[in-house]
Amino acid sequence: MEFTASQIASFIDGKIIGDENALITGVSPIENGESGHLSFIAQDRFSHFLDTSKCSVIIVSEKLLEKNNYNTTLIVVKDAYLSFQILMNLYQEMRGRKEGIEDGSSIHDTAVIGDKAYIGAFTYVSEKAKIGEGSQIYPQVYIGKGVKIGKNCKIDSGARIYDYCIIGDNCVIHSNTVVGGDGFGFQPTAEGFKKIPQLGNVIIEDDVEIGSNCSIDRATIGSTIIGKGTKIDNLIQIAHNVKIGQNNVIAAQAGIAGSTTIGDWNQIGGQVGIVGHIKIGNQVKIQAQSGVNSSVNDKETLYGSPAISYNDYLRNYVHFRNFTEIVSRINNLENNSKDHTNE
């Protein structure tokens, strides 16, 4: 697609400095700008590219302007990062959605497919499954018995949605993620570990995005729940009967053990481990690689393993780094004390 600077500015309510007819055929990172491409600058540390970038048009935050003339055409906005995000979403919509059922897919007679939905080749849709209007189910996806998928969802190739799981509207599930696999439930006996049937399901509420290669286990009974607006990165394990509230972000390789409840608006860093049967409050920040083994109150910031207050961790770490010196000083004090005692 081709756009002029004027057209782009109209999408984001921007002011043009330079050639309003400058033509854009692509986008580039500001560090690797190309003629005919669009980029953006939202931070002061990149502002020097206003004079050196080869991009034909740059979206820039108004606070970064220092003069009236630049070599490159600028589109001036209040927040360049947000404006660029708006443009990317618009461009994605313009690319259009696929519709229809491709050859090679298998759809049970009792399944219900909504209007303007897309079912890719080699996808299997089981009995009594329901797929909402405008949802995109890409090739080689498995949709289990009785699964319900809302409107305008995107399920990428290779994802598996097991029986009776429920997915809300506007959700995205990336490739090779499994929703509704059995929870890790085994009872120790004299003969070994006996499997406990996992009879519940997974409920994913509206506007959730789940990265690739995640595992979200079905509940033993009841439901594992992912709350509205939550965003889950790649390679994450969420165990049976976990309940995650609204608008959480969880970074890659985190693991949440069974029956833990997590509130709203939390930020959980990469490789965080959270034990089972505890409660995490609201607006909690857990730094990367922390291990959480007890319940957490609202608005705490944690670090370490086991995790403690972030500020306490930093203070303690200063001492830890000097631990050898501290031990040496203690030994010297003890030796000096013995010498004085023997005098």
Side-chain angles (χ1 to χ4, degrees), residues 1-95 172 174 207 209 211 229-235 247-254 265-272 283-290 299 301-303 310-311 313-314 317:
M1 294 185 183
E2 294 183 349
F3 298 93
T4 64
S6 178
Q7 288 173 318
I8 294 169
S10 69
F11 295 143
I12 55 177
D13 195 25
K15 175 185 175 182
I16 297 176
I17 298 178
D19 181 8
E20 65 179 18
N21 294 314
L23 192 64
I24 296 302
T25 59
V27 295
S28 294
I30 194 64
E31 302 92 332
N32 307 112
E34 298 180 23
S35 178
H37 280 203
L38 173 74
S39 192
F40 74 99
I41 298 176
Q43 298 179 24
D44 184 64
R45 63 195 178 103
F46 295 110
S47 60
H48 63 278
F49 284 109
L50 289 170
D51 291 311
T52 61
S53 176
K54 296 180 180 178
C55 285
S56 296
V57 179
I58 299 174
I59 300 170
V60 60
S61 298
E62 58 186 8
K63 65 181 180 181
L64 300 180
L65 293 182
E66 296 181 349
K67 55 186 181 180
N68 295 322
N69 296 308
Y70 292 89
N71 296 328
T72 300
T73 296
L74 304 182
I75 299 176
V76 183
V77 295
K78 185 175 181 180
D79 185 333
Y81 185 78
L82 178 60
S83 295
F84 196 74
Q85 185 181 32
I86 291 169
L87 286 177
M88 289 191 293
N89 285 326
L90 287 172
Y91 180 70
Q92 188 174 41
E93 291 176 10
M94 290 176 182
R95 292 173 65 184
V172 178
H174 290 276
D207 304 308
E209 181 157 351
T230 287
K231 312 301 181 186
I232 296 173
D233 200 358
N234 305 325
L235 297 163
N247 298 305
N248 292 277
V249 288
I250 306 175
Q253 298 183 346
W265 292 101
N266 297 296
Q267 299 177 34
I268 299 174
Q271 296 185 333
V272 165
Q283 300 181 52
V284 172
K285 297 180 181 179
I286 305 175
Q287 306 295 323
Q289 295 190 326
S290 295
K299 299 184 179 180
T301 300
L302 304 180
Y303 198 15
Y310 178 72
N311 290 329
Y313 180 91
L314 293 182
Y317 188 70

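Along the sequence shown, residues carry numbers from 1.
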(message) Is any side-chain heavy atom of V57 closer than 4.5 Å to one of I75?
(response) yes

(request) Examine distances only and state if a side-chain atom of S290 and a backbone atom of I286 form a donor-acceptor pair shorter than 3.5 Å. (result) no

(message) For the CD1 atom of I30 and the NE2 atom of H37, what is their distance to the nearest 0.5 Å?
(response) 12.5 Å

(request) Could you pull out the closest heavy-atom pair between S35 and S56, with the gap in Å? (result) C-OG, 3.7 Å

(request) Please assess L87 against V27 for the test side-chain contact (heavy atoms from CB on, under 4.5 Å), listing each intermediate value before the final yes or no. (result) CA-CA 11 Å; L87 286 177; V27 295; over 6 Å; no

(message) Testing the basics here: between G269 and A254, what is the closest heavy-atom pair and its distance to 0.1 Å?
(response) O-CB, 4.1 Å

(request) For N89, look at atom CG and say whether over 12 heavy atoms of other residues, nucleotides or ligands are found less than 6.0 Å away. (result) yes

(request) Work out which heavy atom in H174 is nearest to a heavy atom in E209; give both atom names and the distance. (result) NE2-OE2, 2.8 Å

(message) Please enumerate all residues that pass salt bridge (Lys or Arg N to Asp or Glu O under 4.0 Å) together with K67, with sequence neighbours excluded.
(response) D51

(request) For G33 and C55, work out which heavy atoms get closest and say how close. (result) CA-SG, 3.4 Å

(message) If we ignore hydrogens and angles and just use 3.5 Å, is the side chain of K231 paired with the main-chain N or O of D207 as donor and acceptor?
(response) yes

(message) Rounded to the nearest 0.5 Å, what separates atom CG in N234 from atom CD in Q253?
(response) 9.5 Å

(message) Measuring from atom CD1 of I17 to atom CG of L65, what distance do you get when rounded to the nearest 0.5 angstrom?
(response) 5.0 Å

(message) Counting only heavy atoms from other residues, nucleotides and ligands, does the tally under 6.0 Å from OH of Y303 exceed 12?
(response) no

(request) Check whether any side-chain N or O of N247 sits under 3.5 Å from a backbone N or O of T230 as a donor-acceptor pair, and report yes or no. (result) no

(request) For D19 and T73, indicate whether the former's side chain and the latter's backbone hold a donor-acceptor pair under 3.5 Å. (result) no

Side-chain donor-acceptor pairs of residues 1-10 under 3.5 Å, sequence neighbours excluded:
unit_1	atom_1	unit_2	atom_2	d
T4	OG1	Q7	N	3.2
Q7	OE1	T4	N	2.9
S10	OG	Q7	O	2.5

(request) Identify the heavy atoms of A80 and S61 that sit nearest to each other, and give their distance. (result) N-OG, 3.0 Å

(request) Please examine the side chains of Q289 and V272, heavy atoms only from C-beta on, and report whether any two atoms are closer than 4.5 Å. (result) no

(request) Report the C-alpha separation of I58 and S53 in whole Å, then their side-chain angles, then the decisive distance to 0.1 Å, and conclude whether the side-chain contact (heavy atoms from CB on, under 4.5 Å) test is met. (result) CA-CA 9 Å; I58 299 174; S53 176; 3.9 Å; yes

(message) Quick check for you: to the nearest 0.5 Å, what is the distance between Q287 atom CD and I268 atom CD1?
(response) 12.0 Å

(request) Test side-chain contact (heavy atoms from CB on, under 4.5 Å) on L74 and I16 and set out the steps. (result) CA-CA 6 Å; L74 304 182; I16 297 176; over 6 Å; no

(request) Please report the shortest heavy-atom distance between Y81 and A42, naming the atom on each side. (result) N-CB, 3.7 Å

(message) Measuring only between side-chain heavy atoms, which start at C-beta, is E31 closer than 4.5 Å to F46?
(response) yes

(message) So T72 and L50, do their side chains get closer than 4.5 Å, heavy atoms only?
(response) no

(message) Between F40 and V77, is there a side-chain heavy-atom distance shorter than 4.5 Å?
(response) no

(request) Step by step, work out the side-chain contact (heavy atoms from CB on, under 4.5 Å) result for D233 and I250. (result) CA-CA 6 Å; D233 200 358; I250 306 175; over 6 Å; no

(request) Calculate, to the nearest 0.5 Å, the distance between atoms OG1 and CD belonging to T25 and E34 respectively. (result) 8.5 Å

(message) Let me confirm one number: the CG-CD distance from N248 to Q267, rounded to the nearest 0.5 Å.
(response) 9.5 Å

